[in-house]
Novice: 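Have a look at the structure that comes next, please.
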Amino acid sequence: MVVEMKRSSDNEKSGCAERRQAVRKLVIIAGAAAGAGLLAKRWGTGCGGVDFEKMIERMPENAPPRWMFTNITAIRENTERILERLEAERRGTVES
């Protein structure tokens, strides 16, 4: 019986040690995540002053980022035109 008592006591200690280790890992991970978040926020606010349109305009004509910017701009313009036509058609059918 004494041996069984020791084993259960050892299991309790190892369970407590496992819980402590899990809590330590959680605290370390939470600290690292909070630190990464603060760094991202700090660096993110520094990029607010960059004018991407001017930066793209300075690139050569054959630069892939400039192609993407040009294509995205064209898509936005086409989408705006399509939406304007659809709204005009809807207003025309609603009024008559």
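What you are looking at is a predicted structure, and each value in this text was computed from that prediction instead of being measured. Side chains are part of it too, since the values below use all heavy atoms of this structure and drop only hydrogens, waters and symmetry mates.
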Novice: Please report the interatomic distance OG1(T79) to CD1(I72), rounded to the nearest 0.5 Å.
Specialist: 11.5 Å
Novice: Going by the salt bridge (charged side-chain N to carboxylate O under 4.0 Å, His left out) test, which pairs reach into residues 69-82, not counting sequence neighbours?
Specialist: none
Novice: Who passes salt bridge (Lys or Arg N to Asp or Glu O under 4.0 Å) against E61, sequence neighbours left out?
Specialist: R66
Novice: Taking salt bridge (Lys or Arg N to Asp or Glu O under 4.0 Å) as the test, write out the residues that go with E57, two or more places apart.
Specialist: none
Novice: Once you round to the nearest 0.5 Å, how far does OG1 of T73 lie from CZ of F69?
Specialist: 4.0 Å
Novice: At what distance, to the nearest 0.5 angstrom, does CZ of R20 lie from CZ of R24?
Specialist: 6.5 Å
